[in-house]
Amino acid sequence: MAVRVIEVAEFDLVVFGASGDLAHRKLLPALYHRDADGQMPDDARIIASARRDYSDDDYRDYARKALKEHVSDLDDAHLEKFLKRIRYVKIDIGTGEGFEDLKTVLEEREDVIRAFYLAVGPDLFGTICENLGKISVVNTHSRVVMEKPIGKDGASAKALNATVGAVFNEDQIFRIDHYLGKETVQNLMALRFANALFEPLWNAAHIDHVQITVAESLGTGGRAGYYDTAGALRDMVQNHILQLLCLVAMEPPESMNADSVRDEKLKVLKALAPIGEHNTDKLTVRGQYRAGASAGGAVPGYLEELGNDQSGTETFVALKAEIANWRWAGVPFYLRTGKRLAQRVSEIVVQFRPIPHSIFDEEAGAITANRLIIRLQPDEGVQMKVMIKDPGPGGMRLRQVPLDMSFAEAFKVRNPDAYERLIMDVIRGNQTLFMRRDEVDAAWAWIDPIQAAWAASKETPKGYTAGTWGPSASIALVERDGRTWAEDELV
Ligand code: BG6
């Protein structure tokens, strides 16, 4: 089927933090691509805002540089057309200076969608929203986009949501989890709910366990300051990994309507069996990388990178989660994520149970249980491991082979970045791929006791050499149950 581009309505998108890393690496390239694909109406505007003393043209130069660096198929003619959409307003969020200038620019046109993208630290969300309220630019056509982290625990998330909620209604608030915009994550819904094949088997009777791995080969990069206050549990598990778990485990929603999907995800979060002081030792592993070799060269350890040898922040976490409901009782969900691991790979592995009885004799070889692998990155695709007969004469010899579908090979189209889809969903007002307030609360309600138990324990994160799969305790976590991490799949 041909790629379909649906033009969105006229909009003004205000980006706070327009000179920051997210705007540079993700937002500008995503907007450029949507424009180049013909999705933006003629008069759509991007209003960049930051503290720097830029003119419109200065910021356009900045954006031009960012796009040259981050867009591989840049078309020079289109680039100049795109840059014309950009305006710049200098705002000092701390003092409130510049908000009136923003009002003047916004009021040049009425009745268009106004989206405010908060690409800044969460400590500024409240002040920005209050100021937007004060200058009366929030109307029924407005929306606000919040980047994570939404709080550092349940209490701070509630406070943050309340401040933003005082200015915007819940149906105007878009909490981004960029994992939900990844093609394969959406494919998970297509796989489960557009095929009759999987759903009857999608339960404890047929599935032995599920593994979710989000491994990164890079370290904390230039974000060590933020990362040290967060750690892997808050940075990756509370949001991305729990969202993936929800999509794997949720009941079929009534429709793709935002609340139907989010209602089902919420039920999964609420059914997660609590992990706290009584069982963190058994069910969680924390790690911190030491010097080693990663991404093709020698790298320092986390503490050296941070310049603080006292930090107890985890750069790796492995957990054994359980969903206490009829569908999943007794099926472990092994979750792990970390920085400076052996490679950058994100996968969901659904391990089916073995066949109940074999009709083949020993010479046919061992029968390995089916496995469904949903690969998010780097090469998006789905793989189903099945048993077949080895071709040719020589009797019945069984072998496991992958039924492999790499999306890059199957569809010769550019794979859009998650932000492209998500920003356009904001303009369209479609909240299906965004987190609702109660989902954020429920996720924190599961995470907080783990964090508290770690804080109370005298143990520090276990060291692991950069470039490996994390501390050996993570292997033990799974092997204790007679299982292994599916590392052979991760290549
Ligand atoms: C972000 C985390 O949300 O996701 C980062 O804060 C992490 O620490 C990043 O590196 C991973 O995203 P992706 O899309 O590269 O897998």
Side-chain angles (χ1 to χ4, degrees), residues 17 20-27 29-30 33 70 117-123 125 145-152 157 174-188 212-245 247 286-289 294-295 299 302 305-306 311 313-317 335-348 374-381 407 415-423 433-435 439-440 443-444 447 461 466 470 490:
D21 183 60
L22 184 71
H24 188 92
R25 280 189 311 113
K26 294 288 184 185
L27 305 184
H33 274 125
H70 294 289
Y117 200 118
L118 312 184
V120 294
D123 46 326
F125 290 179
V145 188
M146 289 162 80
E147 267 292 336
K148 62 171 272 272
I150 299 180
K152 60 176 179 32
F174 289 73
R175 298 179 189 85
I176 277 212
D177 184 314
H178 77 279
Y179 267 59
L180 294 181
K182 289 187 191 268
E183 279 287 309
T184 322
V185 175
Q186 292 169 65
N187 235 309
L188 188 55
I212 303 180
T213 296
V214 178
E216 298 184 88
S217 53
L218 296 177
T220 54
R223 299 162 72 235
Y226 147 74
Y227 192 87
D228 198 53
T229 63
L233 186 70
R234 292 185 177 114
D235 185 51
M236 296 295 288
V237 181
Q238 190 269 345
N239 35 74
H240 306 323
I241 292 192
L242 285 186
Q243 287 293 320
L244 296 180
L245 176 140
L247 294 179
R286 282 185 289 165
Q288 193 184 64
Y289 60 83
S294 173
V299 292
Y302 176 72
E305 248 174 33
L306 186 69
S311 172
T313 299
E314 80 286 356
T315 60
F316 174 96
V317 58
L335 317 176
R336 68 175 166 167
T337 183
K339 304 251 181 223
R340 289 273 188 240
L341 295 184
Q343 65 187 99
R344 174 176 186 254
V345 68
S346 301
E347 286 200 339
I348 300 168
I374 300 150
R375 203 184 317 127
L376 274 65
Q377 52 199 28
D379 312 305
E380 294 84 352
F407 297 148
N415 197 351
D417 186 73
Y419 280 92
E420 292 183 43
R421 178 185 186 116
L422 295 174
I423 297 173
L433 298 177
F434 296 81
M435 287 181 294
E439 274 183 86
V440 176
W444 279 123
I447 294 287
L490 308 177

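Whatever order the structure lists ligands and atoms in, that order sets their numbers, starting from 1. Here the structure is a predicted model, which is why all the values come from computation and not from measurement.
- The heavy atom nearest to atom 15 (O) of ligand 1, out of those in H240, H178, R344, is found in R344.
- The two residues I241 and R336 come nearest to each other via the heavy atoms CD1-O, 3.9 Å.
- Less than 4.0 angstrom separates some heavy atom of K148 from each of these atoms of ligand 1: 1 (C), 2 (C), 3 (O), 6 (O).
- Judged by distance alone, with hydrogens and angles left aside, the side-chain atoms of Q186 form a donor-acceptor pair with the main-chain N or O of G181 at under 3.5 Å.
- The N/O atoms of D235, backbone and side chain alike, include one that comes under 3.5 Å of an N/O atom in ligand 1.
- Nearest protein heavy-atom contact of atom 16 (O) of ligand 1 is Y179 OH, 2.4 Å.
- Close N/O approach between K182 and ligand 1 is found [any backbone or side-chain N/O within under 3.5 Å].
- A salt bridge is defined here as a Lys NZ or Arg NE, NH1 or NH2 lying under 4.0 Å from an Asp or Glu carboxylate O, and K339 with E305 fails to meet this definition.
- Interface atoms of ligand 1 facing K339, defined by a heavy-atom separation under 4.0 Å, are 5 (C), 7 (C), 8 (O), 10 (O).
- Residue, atom and distance of the protein heavy atom nearest to atom 11 (C) of ligand 1 are E216 OE1, 3.7 Å.
- Close approach of ligand 1 to Q377 (heavy-atom distance below 4.0 Å) involves ligand atoms 13 (P), 16 (O).
- Distance CG/N239 to CZ/R175: 13.0 Å, rounded to 0.5 Å.
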Go through the steps for L247 and V185 under the test side chain to side chain contact (heavy atoms under 4.5 Å, CB included), then give the verdict.
CA-CA 8 Å; L247 294 179; V185 175; 3.3 Å; yes
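- Partners of T313 by side chain to side chain donor-acceptor pair (under 3.5 Å), not counting sequence neighbours, listed by chain and number: D228, S311.
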